Amino acid sequence: MRRIIRNVRVMDPGDGFDAITDLAIVAGKIAIRGAVAEDFRADEILDGTGLVACPGLIESSLQAHSPGHGRDGDLTSELQAAVAGGVTQVVLRPDTQPVADTPAVLREQQLLAEKLALARVQVSAALTTGLQGQALSEMTALMDAGARVFSQAKQPVHSAALLRLALSYAADLGLPVMLHPEDPELAAHGVMNESGLSLRLGLPGRTPVAEQVGIQRDIAIAALSGCPLFFPHLSTGGAVAAVKAARKRGEAVRCGVSIHHLLLSEQDVGFFNVHAKVLPPLRSLAERDALRRAVADGGVTAISSDHSPWGVDRESMTFIQAPFGISAVEWLLPLTLRLVDDGLLGLMAALRLLSTGPAQALGLPLPSLQVGSVADLCLFDPEAAFTLNPASGASRGRNLPYAQWDLRGRVRYTLVEGRVVFRG
(Lines give C-alpha, C1' and ligand atoms only; values in the text may rest on other atoms or scores of the structure.)
Protein backbone atom coordinates (compact mmCIF):
# COMPACT_ATOMS: atom_id res chain seq x y z
CA MET A 1 0.00 0.00 0.00
CA ARG A 2 1.31 3.42 -1.02
CA ARG A 3 -0.08 6.52 0.65
CA ILE A 4 0.52 10.23 0.43
CA ILE A 5 -0.37 12.73 3.14
CA ARG A 6 -0.35 16.17 1.56
CA ASN A 7 0.01 19.61 3.05
CA VAL A 8 0.35 18.43 6.65
CA ARG A 9 2.33 20.02 9.47
CA VAL A 10 4.97 17.40 10.24
CA MET A 11 6.28 17.58 13.83
CA ASP A 12 8.96 15.06 14.75
CA PRO A 13 10.28 15.30 18.33
CA GLY A 14 13.08 12.91 17.40
CA ASP A 15 14.98 15.43 15.25
CA GLY A 16 12.98 18.61 15.84
CA PHE A 17 11.63 18.76 12.27
CA ASP A 18 8.61 21.10 12.05
CA ALA A 19 7.26 22.14 8.66
CA ILE A 20 4.16 22.01 6.49
CA THR A 21 4.98 19.52 3.76
CA ASP A 22 4.08 16.06 2.39
CA LEU A 23 4.70 12.53 3.57
CA ALA A 24 4.83 9.47 1.34
CA ILE A 25 4.48 5.99 2.78
CA VAL A 26 5.58 2.88 0.91
CA ALA A 27 5.56 -0.67 2.27
CA GLY A 28 4.84 0.53 5.80
CA LYS A 29 7.74 3.02 5.98
CA ILE A 30 8.28 6.72 5.44
CA ALA A 31 9.58 7.00 1.88
CA ILE A 32 9.54 10.78 1.45
CA ARG A 33 9.40 13.62 3.96
CA GLY A 34 9.06 16.67 1.81
CA ALA A 35 7.36 17.68 -1.40
CA VAL A 36 6.00 14.63 -3.22
CA ALA A 37 5.82 14.84 -7.00
CA GLU A 38 2.36 14.93 -8.56
CA ASP A 39 3.14 11.82 -10.60
CA PHE A 40 3.98 9.73 -7.50
CA ARG A 41 1.59 6.78 -7.70
CA ALA A 42 -0.40 6.18 -4.53
CA ASP A 43 -3.31 3.96 -3.54
CA GLU A 44 -4.69 6.69 -1.28
CA ILE A 45 -4.08 10.39 -0.79
CA LEU A 46 -4.96 11.93 2.57
CA ASP A 47 -5.52 15.68 2.79
CA GLY A 48 -3.53 16.91 5.77
CA THR A 49 -4.54 20.55 5.51
CA GLY A 50 -4.88 21.96 9.01
CA LEU A 51 -3.63 18.73 10.59
CA VAL A 52 -0.49 17.86 12.54
CA ALA A 53 1.36 14.62 11.81
CA CYS A 54 3.51 13.30 14.65
CA PRO A 55 4.93 9.92 15.64
CA GLY A 56 2.29 7.65 17.11
CA LEU A 57 1.81 8.09 20.84
CA ILE A 58 3.08 5.47 23.31
CA GLU A 59 1.01 4.51 26.35
CA SER A 60 3.34 3.10 28.98
CA SER A 61 0.68 1.79 31.36
CA LEU A 62 -2.45 0.23 29.90
CA GLN A 63 -4.73 -2.14 31.79
CA ALA A 64 -6.67 -4.09 29.18
CA HIS A 65 -8.01 -6.86 31.47
CA SER A 66 -6.80 -9.52 29.01
CA PRO A 67 -6.86 -12.19 30.20
CA GLY A 68 -9.77 -11.40 32.49
CA HIS A 69 -13.50 -11.72 32.94
CA GLY A 70 -14.38 -9.09 30.31
CA ARG A 71 -16.88 -6.99 32.22
CA ASP A 72 -14.42 -4.10 32.51
CA GLY A 73 -13.23 -4.29 28.92
CA ASP A 74 -10.73 -6.42 27.06
CA LEU A 75 -7.87 -6.07 24.64
CA THR A 76 -10.28 -5.49 21.75
CA SER A 77 -12.16 -2.58 23.30
CA GLU A 78 -9.13 -0.96 24.91
CA LEU A 79 -6.90 -1.12 21.83
CA GLN A 80 -9.76 0.42 19.85
CA ALA A 81 -9.78 3.22 22.39
CA ALA A 82 -6.00 3.55 22.13
CA VAL A 83 -5.88 3.97 18.36
CA ALA A 84 -8.83 6.37 18.51
CA GLY A 85 -6.53 8.49 20.67
CA GLY A 86 -3.58 8.36 18.26
CA VAL A 87 -1.75 5.74 20.33
CA THR A 88 0.18 3.29 18.16
CA GLN A 89 2.02 1.38 20.89
CA VAL A 90 1.00 0.27 24.37
CA VAL A 91 2.68 -1.52 27.24
CA LEU A 92 0.25 -3.88 28.95
CA ARG A 93 0.23 -4.00 32.72
CA PRO A 94 0.84 -7.49 34.15
CA ASP A 95 -1.93 -7.35 36.80
CA THR A 96 -4.36 -9.36 34.71
CA GLN A 97 -6.44 -12.39 35.73
CA PRO A 98 -4.39 -14.56 35.80
CA VAL A 99 -1.30 -12.44 36.34
CA ALA A 100 1.14 -12.19 33.44
CA ASP A 101 3.83 -14.22 35.19
CA THR A 102 3.95 -17.22 32.83
CA PRO A 103 4.95 -17.55 29.17
CA ALA A 104 1.47 -18.88 28.40
CA VAL A 105 -0.23 -15.63 29.44
CA LEU A 106 2.24 -13.53 27.47
CA ARG A 107 1.74 -15.63 24.35
CA GLU A 108 -2.05 -15.37 24.72
CA GLN A 109 -1.78 -11.57 24.85
CA GLN A 110 0.55 -11.45 21.84
CA LEU A 111 -1.59 -13.76 19.70
CA LEU A 112 -4.71 -11.72 20.37
CA ALA A 113 -2.87 -8.47 19.64
CA GLU A 114 -1.61 -9.86 16.33
CA LYS A 115 -5.12 -10.96 15.40
CA LEU A 116 -6.57 -7.54 16.18
CA ALA A 117 -3.82 -5.71 14.22
CA LEU A 118 -4.50 -2.38 15.92
CA ALA A 119 -1.82 -0.77 18.12
CA ARG A 120 1.50 -2.47 18.70
CA VAL A 121 1.45 -4.33 22.00
CA GLN A 122 4.47 -4.71 24.25
CA VAL A 123 3.86 -7.20 27.01
CA SER A 124 5.28 -6.55 30.45
CA ALA A 125 5.95 -9.53 32.67
CA ALA A 126 5.43 -9.67 36.42
CA LEU A 127 8.68 -9.19 38.29
CA THR A 128 7.52 -11.48 41.09
CA THR A 129 5.20 -14.47 41.05
CA GLY A 130 1.61 -13.32 41.23
CA LEU A 131 2.92 -9.78 41.89
CA GLN A 132 3.04 -10.86 45.53
CA GLY A 133 6.66 -9.86 46.13
CA GLN A 134 7.49 -13.22 47.69
CA ALA A 135 9.44 -14.99 44.93
CA LEU A 136 10.94 -14.05 41.59
CA SER A 137 9.06 -14.93 38.43
CA GLU A 138 10.73 -17.10 35.78
CA MET A 139 12.38 -14.04 34.28
CA THR A 140 14.45 -15.70 31.56
CA ALA A 141 11.49 -17.74 30.31
CA LEU A 142 9.31 -14.62 30.29
CA MET A 143 11.90 -12.72 28.28
CA ASP A 144 12.11 -15.62 25.82
CA ALA A 145 8.30 -15.45 25.54
CA GLY A 146 8.47 -11.84 24.42
CA ALA A 147 8.55 -9.66 27.54
CA ARG A 148 10.16 -6.29 26.82
CA VAL A 149 9.98 -5.01 30.38
CA PHE A 150 9.38 -6.33 33.88
CA SER A 151 6.80 -4.65 36.06
CA GLN A 152 5.12 -4.82 39.44
CA ALA A 153 2.10 -2.86 38.17
CA LYS A 154 0.80 -1.01 41.26
CA GLN A 155 2.42 -3.32 43.82
CA PRO A 156 5.71 -2.47 45.57
CA VAL A 157 8.27 -5.17 46.36
CA HIS A 158 8.28 -5.39 50.17
CA SER A 159 11.61 -7.19 50.51
CA ALA A 160 14.68 -5.07 49.73
CA ALA A 161 16.78 -8.23 49.34
CA LEU A 162 14.35 -9.71 46.81
CA LEU A 163 14.20 -6.45 44.88
CA ARG A 164 17.99 -6.36 44.70
CA LEU A 165 18.04 -9.89 43.31
CA ALA A 166 15.30 -9.13 40.80
CA LEU A 167 17.02 -5.99 39.52
CA SER A 168 20.31 -7.86 39.20
CA TYR A 169 18.66 -10.53 37.05
CA ALA A 170 16.89 -7.90 34.95
CA ALA A 171 20.20 -6.09 34.41
CA ASP A 172 21.81 -9.35 33.25
CA LEU A 173 18.93 -9.88 30.83
CA GLY A 174 19.21 -6.32 29.54
CA LEU A 175 15.60 -5.38 30.25
CA PRO A 176 14.26 -2.35 32.13
CA VAL A 177 12.01 -2.58 35.17
CA MET A 178 8.95 -0.48 35.94
CA LEU A 179 8.29 0.02 39.63
CA HIS A 180 5.58 1.47 41.83
CA PRO A 181 7.66 3.11 44.57
CA GLU A 182 5.89 3.08 47.89
CA ASP A 183 6.51 2.03 51.45
CA PRO A 184 3.53 -0.29 52.05
CA GLU A 185 3.42 0.25 55.80
CA LEU A 186 3.30 4.01 55.40
CA ALA A 187 0.72 3.71 52.60
CA ALA A 188 -1.44 1.68 55.00
CA HIS A 189 -4.22 0.90 52.49
CA GLY A 190 -5.17 4.56 52.12
CA VAL A 191 -7.67 5.37 49.37
CA MET A 192 -6.89 9.07 48.85
CA ASN A 193 -4.21 11.59 49.70
CA GLU A 194 -3.63 11.97 53.42
CA SER A 195 -4.59 15.52 54.31
CA GLY A 196 -7.16 17.61 56.11
CA LEU A 197 -9.59 16.75 53.31
CA SER A 198 -9.25 12.99 53.86
CA LEU A 199 -9.90 13.57 57.58
CA ARG A 200 -13.03 15.63 56.85
CA LEU A 201 -14.32 12.97 54.46
CA GLY A 202 -13.51 10.18 56.90
CA LEU A 203 -11.45 8.30 54.30
CA PRO A 204 -8.17 6.49 55.06
CA GLY A 205 -5.29 8.62 53.80
CA ARG A 206 -2.19 7.63 51.84
CA THR A 207 0.71 9.86 52.83
CA PRO A 208 2.98 11.33 50.11
CA VAL A 209 5.92 10.32 52.32
CA ALA A 210 5.22 6.67 51.43
CA GLU A 211 6.17 7.41 47.82
CA GLN A 212 9.18 9.50 48.73
CA VAL A 213 10.58 6.85 51.09
CA GLY A 214 9.87 4.09 48.58
CA ILE A 215 11.61 5.79 45.68
CA GLN A 216 14.75 6.55 47.68
CA ARG A 217 15.00 2.87 48.57
CA ASP A 218 14.34 1.64 45.04
CA ILE A 219 16.88 4.02 43.48
CA ALA A 220 19.55 3.03 45.99
CA ILE A 221 18.98 -0.68 45.35
CA ALA A 222 18.98 -0.19 41.57
CA ALA A 223 22.36 1.53 41.81
CA LEU A 224 23.85 -1.74 43.08
CA SER A 225 22.96 -3.53 39.85
CA GLY A 226 22.86 -0.78 37.23
CA CYS A 227 19.40 -1.94 36.15
CA PRO A 228 17.47 0.68 34.13
CA LEU A 229 14.44 1.81 36.16
CA PHE A 230 11.30 3.58 35.06
CA PHE A 231 8.77 4.97 37.52
CA PRO A 232 5.79 5.59 35.19
CA HIS A 233 3.38 7.38 37.51
CA LEU A 234 4.92 9.50 40.25
CA SER A 235 2.71 11.84 42.22
CA THR A 236 5.02 14.05 44.30
CA GLY A 237 7.59 16.68 43.53
CA GLY A 238 9.97 15.09 46.04
CA ALA A 239 9.93 11.78 44.19
CA VAL A 240 10.66 13.47 40.86
CA ALA A 241 13.51 15.40 42.49
CA ALA A 242 15.00 12.10 43.70
CA VAL A 243 14.95 10.76 40.13
CA LYS A 244 16.50 13.97 38.82
CA ALA A 245 19.31 13.72 41.38
CA ALA A 246 19.95 10.08 40.46
CA ARG A 247 20.19 10.97 36.77
CA LYS A 248 22.73 13.67 37.60
CA ARG A 249 24.79 10.95 39.28
CA GLY A 250 24.70 9.01 36.02
CA GLU A 251 22.19 6.37 37.14
CA ALA A 252 19.83 4.76 34.62
CA VAL A 253 16.54 5.96 36.05
CA ARG A 254 13.65 7.87 34.49
CA CYS A 255 10.17 8.84 35.58
CA GLY A 256 6.79 9.70 34.19
CA VAL A 257 3.54 11.12 35.51
CA SER A 258 -0.07 10.51 34.61
CA ILE A 259 -1.99 13.33 32.98
CA HIS A 260 -4.41 13.14 35.91
CA HIS A 261 -1.77 14.26 38.39
CA LEU A 262 -1.02 17.27 36.19
CA LEU A 263 -4.62 18.40 35.71
CA LEU A 264 -6.36 17.32 38.90
CA SER A 265 -5.84 17.43 42.66
CA GLU A 266 -7.36 15.89 45.76
CA GLN A 267 -10.04 18.56 45.55
CA ASP A 268 -11.51 16.68 42.59
CA VAL A 269 -12.44 13.83 44.91
CA GLY A 270 -15.15 16.26 46.02
CA PHE A 271 -17.88 14.37 47.78
CA PHE A 272 -16.63 10.80 47.20
CA ASN A 273 -16.28 10.96 43.40
CA VAL A 274 -15.16 7.40 42.59
CA HIS A 275 -14.07 8.57 39.13
CA ALA A 276 -11.26 10.50 40.82
CA LYS A 277 -9.90 7.48 42.68
CA VAL A 278 -6.49 6.62 41.29
CA LEU A 279 -3.24 5.08 42.52
CA PRO A 280 -1.10 6.88 43.48
CA PRO A 281 -3.84 9.19 44.71
CA LEU A 282 -4.44 12.70 43.48
CA ARG A 283 -2.35 14.95 45.69
CA SER A 284 -2.56 18.52 46.96
CA LEU A 285 -2.57 21.54 44.66
CA ALA A 286 0.99 22.25 45.79
CA GLU A 287 2.13 18.77 44.70
CA ARG A 288 0.28 19.10 41.41
CA ASP A 289 2.06 22.39 40.73
CA ALA A 290 5.42 20.84 41.66
CA LEU A 291 4.83 18.09 39.09
CA ARG A 292 3.88 20.67 36.47
CA ARG A 293 7.14 22.52 37.11
CA ALA A 294 9.05 19.24 36.78
CA VAL A 295 7.38 18.57 33.44
CA ALA A 296 8.29 22.06 32.25
CA ASP A 297 11.96 21.80 33.28
CA GLY A 298 12.53 18.34 31.83
CA GLY A 299 12.64 16.33 35.04
CA VAL A 300 9.79 14.14 33.77
CA THR A 301 10.35 11.84 30.79
CA ALA A 302 6.83 10.74 29.90
CA ILE A 303 3.15 11.49 30.33
CA SER A 304 0.66 8.62 30.31
CA SER A 305 -3.06 8.09 30.74
CA ASP A 306 -2.37 5.22 33.18
CA HIS A 307 -5.43 3.68 31.53
CA SER A 308 -7.55 1.56 33.89
CA PRO A 309 -11.12 0.98 32.69
CA TRP A 310 -13.86 -0.31 34.97
CA GLY A 311 -17.38 -1.41 34.05
CA VAL A 312 -20.51 0.52 34.94
CA ASP A 313 -21.37 -1.99 37.68
CA ARG A 314 -18.69 -0.30 39.80
CA GLU A 315 -20.71 2.92 39.91
CA SER A 316 -22.75 1.74 42.89
CA MET A 317 -19.66 1.07 45.03
CA THR A 318 -18.56 3.34 47.85
CA PHE A 319 -15.31 5.27 47.50
CA ILE A 320 -13.51 2.74 49.70
CA GLN A 321 -14.91 -0.23 47.77
CA ALA A 322 -14.32 1.11 44.27
CA PRO A 323 -11.18 0.03 42.41
CA PHE A 324 -8.40 2.49 41.63
CA GLY A 325 -8.13 3.79 38.09
CA ILE A 326 -9.22 6.23 35.41
CA SER A 327 -10.11 5.32 31.82
CA ALA A 328 -8.60 7.97 29.56
CA VAL A 329 -6.28 6.61 26.86
CA GLU A 330 -8.58 7.89 24.10
CA TRP A 331 -8.40 11.42 25.50
CA LEU A 332 -4.69 11.55 26.39
CA LEU A 333 -3.74 13.90 23.56
CA PRO A 334 -6.43 16.58 24.07
CA LEU A 335 -5.92 16.42 27.84
CA THR A 336 -2.19 16.99 27.34
CA LEU A 337 -2.93 19.92 25.05
CA ARG A 338 -4.42 21.56 28.14
CA LEU A 339 -0.81 21.90 29.34
CA VAL A 340 0.06 23.63 26.06
CA ASP A 341 -2.89 25.99 26.44
CA ASP A 342 -1.72 26.79 29.97
CA GLY A 343 1.68 27.82 28.61
CA LEU A 344 3.46 25.04 30.49
CA LEU A 345 4.80 23.35 27.35
CA GLY A 346 5.21 23.98 23.68
CA LEU A 347 3.48 21.58 21.31
CA MET A 348 6.73 19.85 20.29
CA ALA A 349 7.67 19.26 23.93
CA ALA A 350 4.22 17.85 24.66
CA LEU A 351 4.50 15.43 21.73
CA ARG A 352 7.94 14.37 22.95
CA LEU A 353 6.50 13.43 26.35
CA LEU A 354 3.88 11.28 24.61
CA SER A 355 6.13 9.50 22.10
CA THR A 356 9.93 9.55 22.18
CA GLY A 357 10.04 10.05 25.96
CA PRO A 358 8.22 6.83 26.86
CA ALA A 359 10.24 4.94 24.23
CA GLN A 360 13.52 6.07 25.75
CA ALA A 361 12.37 5.15 29.26
CA LEU A 362 11.33 1.65 28.16
CA GLY A 363 14.24 0.90 25.85
CA LEU A 364 11.98 0.74 22.79
CA PRO A 365 12.96 1.89 19.29
CA LEU A 366 12.48 5.64 19.06
CA PRO A 367 9.46 6.62 16.96
CA SER A 368 10.39 8.91 14.09
CA LEU A 369 9.06 10.46 10.90
CA GLN A 370 12.44 10.45 9.18
CA VAL A 371 12.80 8.69 5.85
CA GLY A 372 13.17 4.95 6.36
CA SER A 373 11.31 4.93 9.68
CA VAL A 374 8.31 2.71 10.34
CA ALA A 375 5.17 4.68 9.51
CA ASP A 376 3.47 4.77 12.91
CA LEU A 377 1.67 8.11 12.83
CA CYS A 378 -0.93 10.18 14.59
CA LEU A 379 -2.68 12.85 12.51
CA PHE A 380 -4.77 15.26 14.54
CA ASP A 381 -6.59 18.54 14.19
CA PRO A 382 -5.16 20.73 16.97
CA GLU A 383 -7.98 23.28 16.74
CA ALA A 384 -10.99 20.95 16.70
CA ALA A 385 -12.94 21.75 19.86
CA PHE A 386 -15.32 19.37 21.59
CA THR A 387 -16.98 18.65 24.92
CA LEU A 388 -15.89 15.32 26.34
CA ASN A 389 -18.68 12.78 26.57
CA PRO A 390 -17.42 9.55 28.17
CA ALA A 391 -20.18 7.54 26.50
CA SER A 392 -18.78 8.43 23.08
CA GLY A 393 -15.50 6.62 23.71
CA ALA A 394 -14.48 3.20 22.45
CA SER A 395 -13.30 2.01 25.86
CA ARG A 396 -15.68 -0.03 27.94
CA GLY A 397 -14.66 2.07 30.92
CA ARG A 398 -16.62 5.21 31.73
CA ASN A 399 -14.69 5.95 34.91
CA LEU A 400 -13.15 9.33 34.21
CA PRO A 401 -13.61 12.68 35.93
CA TYR A 402 -13.45 14.76 32.73
CA ALA A 403 -17.09 14.56 31.63
CA GLN A 404 -18.22 17.86 30.10
CA TRP A 405 -14.69 19.26 29.96
CA ASP A 406 -14.15 21.50 26.94
CA LEU A 407 -11.09 20.25 25.07
CA ARG A 408 -9.36 20.71 21.74
CA GLY A 409 -7.48 18.27 19.54
CA ARG A 410 -9.23 15.56 17.55
CA VAL A 411 -7.39 12.57 16.14
CA ARG A 412 -8.35 12.17 12.48
CA TYR A 413 -6.12 9.26 11.45
CA THR A 414 -3.94 6.73 13.22
CA LEU A 415 -1.54 4.67 11.13
CA VAL A 416 0.45 1.62 12.20
CA GLU A 417 3.07 0.44 9.71
CA GLY A 418 1.35 2.61 7.15
CA ARG A 419 -2.04 0.97 7.70
CA VAL A 420 -4.91 3.26 8.66
CA VAL A 421 -6.26 1.68 11.86
CA PHE A 422 -8.48 4.61 12.82
CA ARG A 423 -10.35 7.31 10.90
CA GLY A 424 -12.09 9.99 12.91
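Source: prediction; values computed, not measured.
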Discussion item. Can you confirm whether Val300 sits close enough to Leu234 that some side-chain heavy atom of one is under 4.5 Å from a side-chain heavy atom of the other?
Written reply: no

Worksheet item: Per the side chain to side chain donor-acceptor pair (under 3.5 Å) rule, which among Gln212, His260, Glu211, Glu287 passes with Ser235?
Response: Glu211

Worksheet item: Between the side chains of Ser327 and Ser395, is a donor N or O closer than 3.5 angstrom to an acceptor N or O?
Response: yes

Worksheet item: Can you check whether Arg120 reaches Glu417 side chain to side chain, under 4.5 Å on heavy atoms?
Response: yes

Worksheet entry | Verdict with reasoning, Lys154 to Asp306, per salt bridge (charged side-chain N to carboxylate O under 4.0 Å, His left out) | CA-CA 11 Å; Lys154 298 301 180 82; Asp306 196 13; 2.8 Å; yes

Practice prompt. Show your reasoning for whether salt bridge (charged side-chain N to carboxylate O under 4.0 Å, His left out) applies to Arg396 and Asp72.
Written response: CA-CA 6 Å; Arg396 209 167 296 167; Asp72 298 316; over 6 Å; no

Practice prompt. Would you check, one step at a time, whether the test side-chain contact (heavy atoms from CB on, under 4.5 Å) holds for Val253 with Phe231?
Written response: CA-CA 8 Å; Val253 55; Phe231 300 103; 3.5 Å; yes

Worksheet item: Yes or no on side-chain contact (heavy atoms from CB on, under 4.5 Å) for Asp342 and Arg292, after CA distance, side-chain angles and deciding distance?
Response: CA-CA 11 Å; Asp342 290 345; Arg292 288 165 71 96; 2.9 Å; yes

Item to complete: Verify the distance criterion only: is there a donor paired with an acceptor across the side chains of Gln63 and Asp95 at less than 3.5 Å?
Response: yes

Worksheet item: Do Glu59 and His307 have side-chain atoms, one donor and one acceptor, less than 3.5 Å apart?
Response: no

Worksheet item: Looking only at atom types and distance, does a side-chain atom of Asp101 sit under 3.5 Å from a main-chain N or O of Gly130, one as donor and one as acceptor?
Response: yes

Discussion item. Whether the side chain of Asn399 engages the backbone of Gly325 through a donor-acceptor N/O pair (distance < 3.5 Å, no angle test) should be reported.
Written reply: yes

Practice prompt. Supply the atom-to-atom distance Leu407 CG to Thr387 OG1, rounded to the nearest 0.5 angstrom.
Written response: 8.0 Å

Worksheet item: How are the rings of Trp405 and Tyr402 set to each other: parallel, tilted or perpendicular (split at 30° and 60°)?
Response: perpendicular

Worksheet item: When you look at CZ of Arg398, are more than 12 heavy atoms from neighbouring residues, nucleotides or ligands closer to it than 6.0 Å?
Response: yes

Worksheet entry | Residue pair Asp15, Arg33: steps toward the salt bridge (charged side-chain N to carboxylate O under 4.0 Å, His left out) verdict | CA-CA 13 Å; Asp15 63 359; Arg33 186 175 74 176; 2.9 Å; yes

Item to complete: Begin from the C-alpha positions of Gln122 and Leu362 and carry the test side-chain contact (heavy atoms from CB on, under 4.5 Å) through to its verdict.
Response: CA-CA 10 Å; Gln122 304 294 345; Leu362 293 164; over 6 Å; no

Discussion item. Quick check: do Ser392 and Phe386 have side-chain heavy atoms less than 4.5 Å from each other?
Written reply: no

Fill in: Test item: Gln152 and Leu163 side chains (from C-beta on) under 4.5 Å apart, heavy atoms
no

Worksheet item: More than 12 foreign heavy atoms under 6.0 Å from CD of Gln110: is that the case here?
Response: yes

Item to complete: Take Glu138 and Thr102 through the side-chain hydrogen bond (donor to acceptor under 3.5 Å, both in side chains) test and state the conclusion after the steps.
Response: CA-CA 7 Å; Glu138 296 292 337; Thr102 65; over 6 Å; no

Discussion item. Could you walk me through whether Arg408 and Val340 satisfy the side-chain contact (heavy atoms from CB on, under 4.5 Å) test, starting with their C-alpha distance in whole Å, then the side-chain angles of each, then the deciding distance to 0.1 Å, before giving a yes or no?
Written reply: CA-CA 11 Å; Arg408 70 174 180 93; Val340 177; 3.9 Å; yes

Discussion item. With a 4.5 Å cut-off on side-chain heavy atoms, are Val8 and Tyr413 touching?
Written reply: no

Item to complete: Find the distance between CG (Leu264) and CG (Asn273) and round it off to the nearest 0.5 Å.
Response: 9.5 Å

Worksheet item: So, the side chain of Ser66 versus the backbone of Leu75: is there a donor-acceptor pair under 3.5 Å, distance only?
Response: yes

Worksheet item: Is any NZ, NE, NH1 or NH2 atom of the basic residue among Arg423 and Glu44 found under 4.0 Å from an Asp or Glu carboxylate oxygen of the other?
Response: yes

Discussion item. Regarding His275 and Glu315, do their side chains bring together a donor and an acceptor under 3.5 Å, going by distance alone?
Written reply: yes

Practice prompt. Report the residue from Val10, Ile5, Val420 that forms a side chain to side chain contact (heavy atoms under 4.5 Å, CB included) with Leu377.
Written response: Ile5

Discussion item. For the NE2 atom on His189, are there more than 12 heavy atoms of other groups (residues, nucleotides or ligands in this structure) within a distance under 6.0 Å?
Written reply: no

Worksheet entry | Validation row: Leu201, Phe319 side chains within 4.5 angstrom (heavy atoms) | no

Discussion item. Is there a side-chain contact between Gln134 and Thr129 in this structure, where contact means two heavy atoms from C-beta onward sitting under 4.5 Å apart?
Written reply: no

Fill in: Validation row, ring centre His65 to ring centre Trp310 under 6.0 Å
yes

Worksheet item: Side chains of Leu369 and Phe17: closer than 4.5 Å at any heavy-atom pair?
Response: no

